[in-house]
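Scroll down for the structure; my scribbles are underneath it.
Residue numbering restarts at 1 for every chain, and letters A, B, ... go by the order of the sequence lines. Just the heavy atoms: all of them, side chains too, but no hydrogens, waters or symmetry mates, feed the values below.
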Amino acid sequence: MFRFGMQATLIKYLLASDAPVDEVCVQGWVRTRRDAKTFSFLEINDGSCLENLQVIVDATLADFEQVEKANTGAAIQILGKLAPSQGRGQAWEVVARSLAIIGEAGPNYPLQKKGHSLEFLRGIAHLRPRSNLFGCVFRVRSRLAYAIHRFFQERDFLYVHTPIITASDCEGAGEMFRVTTQPPTGRGGNGEGEPLKEFFGKPTYLTVSGQLEGEIFATALKNIYTFGPTFRAENSNTSRHASEFWMIEPEMAFCHLMGCMDLAESFVRYLVRDTLETCGTELKFFNRFVDRGLIPRLESIASRSFTRLNYGEAVKLLLASGKAFQYPVEFGSNLQAEHERYLTEVHFEGPVTVYNYPREIKPFYMRLNDDGKTVGAMDVLVPGIGEIVGGSQREERAEFLDRNMDRHGIEKEEYWWYRDLRLYGTVPHSGFGLGFERMLMLVTGVSNIRDVIPFARTPGSAEF
RNA sequence: UGCCCGGUAGCUCAGCGGUAGAGCAGGUGGCUGUUAACCACUUUGUCGCUGGUUCGAUCCCAGCCCGGGCAGCCA
């Protein structure tokens, strides 16, 4: 009967065919079925593209009684011929010679032909990739990951794998998840009264950033990047925070803050341009069903250079705006979300890079500027999301770094290897982190980070 | 973590102090090269949980659980 040895053709290739094909094999999942008296229309999707393939099953087929099991959601294989469609709406269709139900989907199959809310789909994260929207999201996600590697590889950046498990407990980026083999009670299981035995001999955590290790490799291989998962145990409950997310962190030796901003801006623009060029079908879908202004906004980002202003200028601009902000604008405090939104969405209507922040509001590793008040920090802000890139020039002078660590109450001994970099061949260097999911939100217009990651981990939620 | 909103059929939602409805999905029949197909008929509910008020609670009150929005933390 049916064997899987035969090569099935992806639907995206069938739909793009320029000639009929006598023998094709199609494998996929039924999206919908329309029955007539003497034949049925099946729409099949195999994930290769947004569009479904229409299949005609004639009642004279020996397998026709199988059609009643071809409900929405069923896995199916069809052998037949690719022919020009007699109906409107599609150029090609497959006239079935035989069909086999590979896996039935009962009447309780949760995904229906009608639209579903994103909240509902989050609850069925094991099925939502079969929906139009999430199929598009995850095809774009895959392409975006590829484009990231291309961008850096084309520029001779080396891909470095920094550790997931780390013993540095205050990298300045947030609360951390403990990694331990100890039972949840905290009792060691190694005899009464004995001290807890740490697997690694010291407390360990999931990484919140590969930056410090990235600096090690940058000061050896010059230009490097990391791209991997990151974990933050913050009790954040917003549409743009996740406990587990992916981050890209380039680090460049012999590079000042300006070069760092140049790279970050051209990186963001490259990724936007690549998505426009390679994911047109998906973007049209998002533009229609998710965010009407998406494609024009992406085209604008891809074609215009980013506005760049320092923190002091940003504060002045906000003060001069005359807008009544909920949080006051004042030199020395962080820009609030409403301030960032004003800059990107109202005043400049596009991405904005803000740099040289007061040193008090930034972590220990950022380089002190000559004014003694600001550090070489930079954030790239984009409309709708806010901060998508955060980076800095690193403090490469040992004595300055020591002072910073003292001021931040950091145990210098814990960072002996990080300090060593400043003692042996130290060099001005810079880098940044770009949130992969936030980038995905930017290019898809999807407004909740939980909807651009396959299985979201957020406070109180780790299903699947 | 704080403030705000919500939880009713498989899904989207309406309803209301007197014991529950629509559309879609599912089922049956019909019709059509259909395409979110159409027409007729039809099944389905611990109204989030626990307690309270009440003759009576899905509705009012309290606590809890879950979901969402916004803010902070950041990417």
Does [X] make a side-chain N or O approach to OP1 or OP2 of [N] shorter than 4.0 Å?
X: A/N448; N: B/G69; answer: yes
X: A/R33; N: B/A36; answer: no
X: A/Q336; N: B/G72; answer: yes
X: A/R450; N: B/G68; answer: yes
X: A/S239; N: B/C70; answer: yes
X: A/T238; N: B/C70; answer: no
X: A/R34; N: B/A37; answer: yes
X: A/R341; N: B/A71; answer: yes

Base, sugar-phosphate alone, or nothing: which one does [X] contact when heavy atoms must sit under 4.0 Å apart?
X: A/T32; result: sugar-phosphate
X: A/E119; result: sugar-phosphate
X: A/Y327; result: sugar-phosphate
X: A/I449; result: base
X: A/I56; result: base
X: A/E68; result: nothing

[X] and [Y]: side-chain donor and acceptor closer than 3.5 Å?
X: A/N132; Y: A/R31; result: yes
X: A/D274; Y: A/Y146; result: no
X: A/Y205; Y: A/E175; result: no
X: A/E215; Y: A/Y418; result: yes

Using whole Å, report how far CZ of A/R240 lies from P of B/A75.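 Going from CZ in A/R240 over to P in B/A75 covers 13 Å.
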Whole-Å gap separating P (B/G23) and NE2 (A/H116):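 In whole Å, B/G23 P and A/H116 NE2 are 18 Å from each other.
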Quote, to the nearest angstrom, the [atom1] distance that separates [N] from [M].
N: B/G18; M: B/U12; atom1: C1'; result: 28 Å
N: B/U58; M: B/G17; atom1: P; result: 13 Å
N: B/G15; M: B/A71; atom1: P; result: 29 Å
N: B/C41; M: B/G48; atom1: C1'; result: 34 Å
N: B/A20; M: B/A62; atom1: C1'; result: 26 Å

State which of [options] makes the closest approach to the side chain of [X].
X: A/Q54; options: B/U1, B/C74, B/G33; answer: B/G33
X: A/F120; options: B/G33, B/A71, B/U12; answer: B/U12
X: A/E387; options: B/G72, B/A75, B/C11; answer: B/A75

So, do A/F245 and B/A75 meet the stacking rule of ring centres under 5.5 Å and planes under 30°?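 Stack criterion met.
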Classify the ring geometry between A/F325 and A/Y342 as parallel (under 30°), tilted (30 to 60°) or perpendicular (over 60°).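 The rings of A/F325 and A/Y342 stand perpendicular, inter-plane angle above 60°.
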Between A/E265 and A/R308, does at least one N-O distance fall below 4.0 Å, as a salt bridge requires?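 Yes.
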